[in-house]
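Sequence lines set the chain letters: A, B, ... in the order given, protein chains first and strands last, and positions in each chain run from 1. Only heavy atoms go into these numbers, but all of them, side chains included; no hydrogens, no water, no symmetry mates.
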Amino acid sequence: MLSMDILLVTILAAIGLSIIGIALGLILLGIDRRISARMQARIGPPLRQPFIDLKKLLSKENVIPENAIPSLFNAAPIVALASSIVVLLYLPIGSMMPILGGYGDLILVMYLLAVPALAMVAGGFASGSPYATVGAQREMVSMIAYELPLASIVIAVAWLLYSSGVADPFALTSIVANPIWSLVGPLGVVGLIILLLTFAWVSPAELSKIPFDTPEAETELAGGVLVEYSGKNLGLFTVAQGVKTLVMGGLAVAIFFPWNLSPLFGLTGYVALTVDAAFFFAKVILLMILSVTVIRTGLARFRITHVVTLFWVWLGVAGLFGLSLVILDSVLRGWF
Amino acid sequence: MSEGTPTKKAPYVVPIGPIHPALKEPVQFLFDMEGEVVKKADFAPGQAHRGIEWMGMRRNPIQIIHMTDRICGICGVTHSFAFARAIEQIVDIEVPAHAEYIRVIIAEFERIQSHLLWAGVAAHELGFDTLFYLAWRVREEAMDVIEYITGNRVNYGLIQVGGVRRDITPEQHPTIQKCLDGYRDLLGKMLNLFLKDTTIAIRCKDCGLLSFEEARNLCTVGPTARASGVPKDVRVDYPYSAYGDLDISPILPTAYGGDINGDVYDRIVVRLLEVAQSVEIIETCLKEMPEGPILWEPKLPKLLSACKKAQGEAVGRHEAPRGECLHYVAMDGHEAPAMWKVKASSYSNLHSWIPMLEGEQLADVPIIVASIDPCLSCTDRVAVIRGAKRDLMTKEDLHQLSVEKTRRIQGC
């Protein structure tokens, strides 16, 4: 009986969180557009514009190109949305522990983060358009490119927790419970700052934003992987994009800024949960503005070759350097 | 892929256009790609043919002059300037000096707004929308002054055969001067934003190369030729209107201190520096503008009857923002011209696309295509349709047609 209750609560919580996650994701997209517009001396759309867009897209029919593979073409947006929502369920939101926390860890989250991109690649290849094919190829290449710096961040965090004697170093719950900054000395802080900056550059690539929007590249590929998508399918991709933005921000908060407000004010119960969730969202907004909006407003689009060089050479080296600083720090502290 | 393709990197075709976000006007490109690299490029213009010459050959020169305004959406004065100069040569009209200076002022304002428009488009093609918004915001100043002078923002309707239709009075000088001062202050900022930006530099340097020889052999004109080091400028080589009184020289990329590479970056340099040159020209013209009438003949019926009597042919040339624009007109004593041929500057520049594009990355196609500032609605004069299908005319076909016509004329 008890397990049935837990299951029921879990399912209800998952559904509730999915709906909230979708709404917050769309609000994030709205904030991004608005702030970018203000930085470009424009007024910009209202914050609810992504909702208006979504409503319109969902009311339109799907157009499936003649030489597309319909099953794969239609499955891609659903897979993309589902996988990004699942990542959300693994993230701690404020002081609320992840709903699926007991069933997976950071490694699983990394894999799940790759799924929406893979779904886009599959959908792109399945749409049978040369633009989408080129876009899908580029999406694959940039995925391979940004995985290396991302992996170095994950390894650094896990190593840190492991060497500090935390029981379950890859679990997000233990990462949140032990803020990484408190586990390192000055050398490690430098290393973590480098890793944080690396993460800030990986986020726009993960979200296909300028300067890493080569797979979509409006002026070159007319939307690239998404060129043939319309109506409901495109709406699903928009929602997935919003949730992914929230997830990337949430991941950064969980790894680098896991502090909550409630202990500071001695709050408990639902008030604490609400305050912490709001604080969490505020942190996500701030991180997104810094690592997505500002970067995309201030730069031109890179060529795919630049993307690979940047991630493999510069950010790869930066990530590994940060990782070695963190390791060196913990080794040195073990000696003294 | 599974059907055993001979090589791993089988070339595939990427079509761009006739309608595509990278293109502001319809033209079709076909690229044979190998991975991300363009192996072979081909393009098909003629998608925006409107039969404007056909319309013109059924109207009198004073009606045509207002039609020439509408050939291009950006060069509101280029075509009417060139056409008016052709008619004035046939009818033997001497344009009052005051009008010549006003013509030059408006032509240079047009260059400013056109180059800034291009700068915005180029930034957009690179995915740098912030710069695009800023460039177009700055461009508004020039548009406002053009409206202040001519009453219109796009189709100026300023040029008349034998002069201009509106005067620039001394009371208007302070407003114009204020705009020019604004641009002078802005230039350093614009150069800094476009030329010192890392992302723009890595995308534009050594991209879309056009060597000096290619630029000369393909008869490119305007900033496209000058960026490759060909010192070619109708205003200098063939001084007309008030340009003869001015001390100007063609702007080459060396003016910014660098070498001549003939890449997209050099084309940005040339255009931005030409904005500065135009500001200087307008300022000089405002200062040195002689007094006098603005029209050779203000009474239109009288002007028209002079045009009607004229016989002969002439070529009117003008250095448009994109390069030399040429109008050929032949009059045979009738109200409408016997022949009117428009050769827009982009017509000479389009073929430089092929050497620029081949061997480049697909990602660079939009900026390279935009780098010559193509104006296709100006360029497209012919669309060959046989049956219900679009057709191509090769050089042999054209030669054959010309031989046939010669025989026909000899026959009668």
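Residue with the most contacts toward chain A among B:L131, B:I16, B:V13: B:I16 (heavy-atom pairs, distance under 4.5 Å). Of the listed residues (B:L362, B:V365, B:V369, B:I202), the greatest number of heavy-atom pairs within a distance under 4.5 Å of chain A belongs to B:I202.
Within 6.0 Å of CG on B:D259 lie no more than 12 heavy atoms contributed by other residues, nucleotides or ligands. Around the OH atom of B:Y256, the shell of radius 6.0 Å holds more than 12 heavy atoms that belong to other residues, nucleotides or ligands.
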Cross-chain donor-acceptor list, chain B x chain A, under 3.5 angstrom:
from: B:P15; atom 1: O; to: A:Y131; atom 2: OH; distance (Å): 2.4
from: B:H20; atom 1: NE2; to: A:E220; atom 2: O; distance (Å): 3.0
from: B:E36; atom 1: OE1; to: A:R138; atom 2: NE; distance (Å): 3.2
from: B:E36; atom 1: OE1; to: A:R138; atom 2: NH2; distance (Å): 2.9
from: B:E36; atom 1: OE2; to: A:R138; atom 2: NE; distance (Å): 2.7
from: B:E125; atom 1: O; to: A:T219; atom 2: OG1; distance (Å): 3.1
from: B:L126; atom 1: O; to: A:R301; atom 2: N; distance (Å): 2.7
from: B:T130; atom 1: OG1; to: A:Q40; atom 2: NE2; distance (Å): 3.1
from: B:T130; atom 1: OG1; to: A:T297; atom 2: O; distance (Å): 2.3
from: B:T199; atom 1: OG1; to: A:A300; atom 2: N; distance (Å): 3.4
from: B:I202; atom 1: O; to: A:R303; atom 2: NH2; distance (Å): 3.4
from: B:R203; atom 1: O; to: A:R303; atom 2: NH2; distance (Å): 3.2
from: B:R203; atom 1: NH1; to: A:R301; atom 2: O; distance (Å): 2.5
from: B:D364; atom 1: OD1; to: A:R303; atom 2: NE; distance (Å): 2.9
from: B:D364; atom 1: OD2; to: A:R303; atom 2: NE; distance (Å): 2.8
from: B:D364; atom 1: OD2; to: A:R303; atom 2: NH2; distance (Å): 3.2

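Residues satisfying the side chain to side chain contact (heavy atoms under 4.5 Å, CB included) criterion with B:L187, sequence neighbours excluded, are B:L191, B:A276.
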